[in-house]
**Student:** 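Please read through the structure below; I'll follow up with questions.
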Amino acid sequence: MATIVKNPAGTWKAVIRKQGWPTAAKTFRTKRDAEDWSRQAEDEMVRGVYIQRAPSQKLSLDMALDRYLREITPTKKAGDSQRRDHTSAKALRARLGKYALAALNQEIIGRYRDDRLAEGRAGNTVRLELALLSHLFTVAIREWGISLPANPVLLVRKPKGNSRDRRLQGDEAACLLKSVRAHSNPILAWATELALETAARVDEILSVELRDVDLTRRIVIFRDTKNGDTRGAPLTVRATEIFREAIDTYPRKGTNLVFPGNPGRDGIRRPYTMNKVWKTALERAGIQGLHFHDLRHEATSRLVEMGLSDTKTRQITGHKSAQMMGRYTHLRSEELVQDLDACQSAGRQRASSAIDTSQPKTQSLRNKSNIVPFIGRDPR
C-alpha cells in the first residue's frame, strides 16, 4: 500500500515501497490526485510495466540537447556529422526546447515536421532534424536511464529526402579544373581531380595518410569512411600521378597526412579544409549549384557509363547497398536502349537473309509439284 502524507506546504506526497521495485514518490496538489496516482502506479508494478516518469517530466529537450551535444556528438566523425548535429539542434530548440521529454508525442513532432516543411525547408533537412531527435530519445532511454514508454519519433512519418543528381554539364569540367588549379594551394586541385578519378568523399580524400597509398600497386586505402568501414580502391593513371606529385612535392613536416592543413594553435596539422576556397573556385569558374559531393555522383556515373558492373562499381565507390546505387539505374537503361536497337537491327538482317535464301528452295518445290509420291508398297 502507498503512504500518503500531507506536507507543511499543504501539498500531498505519495510514497510507494514495493519489493522488487525502487521507491517511488511524487507530490500532488490534492489528496485525491495522490490516491489516483498511487493506485495506477501499484497496478503497473503488479503487471510489470511501471515506469518512473519523473526524470523525463523534469528533463526538457533543451537540457537533453545540451547533454547530447556534450557527450554523444563528439563521438561522431569530425566534420559534417558534428556540424549537422549543432545545426539540427538549433532548429529543434527554437520550437520544442521548452517541452519536457515526456510531453513530446507523435502529434507535436508531426506538427513540427509540417511547420518546417511549410517554411520551405527541404525534406532532407527536416528528415535530419527528426533523425537527431530520434537518436536523442534512443540514447536517453537506453543509456541515461530516462524512463519513457517508447520513442515517439518512430511513430512519425519522415519526409522524403531529394537525392541530388547534379552532374557536370558542357564545359563545366574544364572551367572547374582551370579554376581550382589557379588557387595558390595545389591541394584544392588535387582533391578535386581525385574526387573525379576515385569517386571518393571529400573527407576520405583529405584523411589519406602516406601509409594508405601504394603507388606501385596503384591502390589507395580509405580508412575514415562515412560507413565506418575500411576499403581499398584502385587508382587510375591520373590519380596515381596526382598522389605521386603530392607526396613528392608538398611539405608535410610533423604529419603523415598526404593533404595536411596548416598547424593549429596546438601545433597539430589536421586534414586540409576547403569549404571556403571551394566556393571561391566555383565563383571564379562561373558555376552555380554544384557541391563538392556532386563530384562523387559524377565519378560514379562515369564508372557506370564505362560498363563496369554494379558490384565492381560499389567496390570502388563504397556504396553499402544496391539501393544506394539505384539512382544510377537510368544509365543502365540508356545502355539497354542501345543494346535493344542493335539486337533489333541484327534480327531484321537475319530475317532478310532467311527470305533471300529460301526463295530458290520454294521455286524448286513448285517444279516438282507434279510428282506423285509412291505409296502402299516398297519402292525396291
Side-chain angles (χ1 to χ4, degrees), residues 69 73-91 121-122 124-129 131-132 161-169 172-209 212 220 222-228 239 242-243 246 250-252 255 257-300 317-318:
L69 296 176
T73 298
T75 65
K76 300 182 180 180
K77 291 186 179 300
D80 289 342
S81 295
Q82 295 187 11
R83 285 193 295 270
R84 189 182 303 121
D85 276 1
H86 287 275
T87 302
S88 298
K90 184 177 180 180
R121 300 297 177 180
N124 193 55
T125 299
V126 181
R127 183 180 61 81
L128 291 173
E129 292 169 2
L132 173 63
N162 298 322
S163 58
R164 292 180 60 83
D165 56 0
R166 175 73 156 86
R167 294 195 61 181
L168 296 173
Q169 305 294 330
E172 284 185 339
C175 293
L176 176 63
L177 292 179
K178 180 180 179 181
S179 178
V180 295
R181 287 168 181 166
H183 186 63
S184 58
N185 193 322
I187 292 182
L188 177 61
W190 290 335
T192 301
E193 285 198 71
L194 284 175
L196 291 171
E197 295 290 330
T198 65
R201 304 174 179 89
V202 61
D203 290 338
E204 295 172 350
I205 294 172
L206 298 178
S207 298
V208 169
E209 298 182 2
D212 301 326
V220 61
F222 295 117
R223 302 182 188 276
D224 190 20
T225 67
K226 177 182 177 181
N227 298 327
I242 293 172
F243 272 117
Y250 198 82
R252 56 181 49 78
T255 181
L257 291 168
V258 176
F259 305 111
N262 293 324
R265 294 181 179 179
D266 54 4
I268 298 176
R269 301 188 69 177
R270 296 176 176 82
Y272 181 76
T273 57
M274 48 185 293
N275 291 337
K276 293 182 179 180
V277 294
W278 168 256
K279 293 179 181 179
T280 302
L282 290 180
E283 293 174 358
R284 187 164 51 237
I287 299 175
Q288 297 180 348
L290 183 70
H291 298 175
F292 192 93
H293 194 74
D294 293 331
L295 302 183
R296 173 171 165 82
H297 180 84
E298 173 70 25
T300 305
T317 63

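Values below: every heavy atom of this structure, side chains too, minus hydrogens, waters and symmetry copies. Sequential numbering from 1 along the given sequence is applied to the chain's residues.
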**Student:** Assess whether salt bridge (charged side-chain N to carboxylate O under 4.0 Å, His left out) is satisfied between Glu129 and Arg84, documenting all intermediate values.
**Tutor:** CA-CA 9 Å; Glu129 292 169 2; Arg84 189 182 303 121; over 6 Å; no
**Student:** How far does CZ of Phe222 sit from OG1 of Thr317, to the nearest 0.5 angstrom?
**Tutor:** 11.0 Å
**Student:** Considering residues at least two apart in sequence or located in another chain, which fulfil the side chain to side chain contact (heavy atoms under 4.5 Å, CB included) criterion with Pro186?
**Tutor:** Trp190, Tyr250
**Student:** Distance check, rounded to the nearest 0.5 Å: Ile287 atom CD1 versus Leu176 atom CG?
**Tutor:** 4.5 Å
**Student:** Which residues satisfy the side-chain hydrogen bond (donor to acceptor under 3.5 Å, both in side chains) test with Asp266, sequence neighbours excluded?
**Tutor:** Arg270
**Student:** Mind checking what makes side-chain hydrogen bond (donor to acceptor under 3.5 Å, both in side chains) contact with Arg121, not counting sequence neighbours?
**Tutor:** none
**Student:** Just jot down the side-chain hydrogen bond (donor to acceptor under 3.5 Å, both in side chains) partners of Asp212, sequence neighbours excluded, or say none.
**Tutor:** Arg223
**Student:** Measure the OG1-NE2 distance between Thr192 and His183 for me, rounded to the nearest 0.5 Å.
**Tutor:** 10.0 Å
**Student:** So, Asp85 and Lys76, do they make that salt bridge, N to O below 4.0 Å?
**Tutor:** yes
**Student:** Keeping Glu298 on the side-chain end and Arg167 on the backbone end, is there a donor-acceptor pair under 3.5 Å?
**Tutor:** no
**Student:** Applying salt bridge (Lys or Arg N to Asp or Glu O under 4.0 Å), which residue pairs with at least one partner in residues 182-196 are found, sequence neighbours left out?
**Tutor:** Arg181-Glu193, Glu193-Arg238
**Student:** Taking only residues two or more places apart in sequence, or in another chain, which ones meet Thr255 in a side-chain hydrogen bond (donor to acceptor under 3.5 Å, both in side chains)?
**Tutor:** none
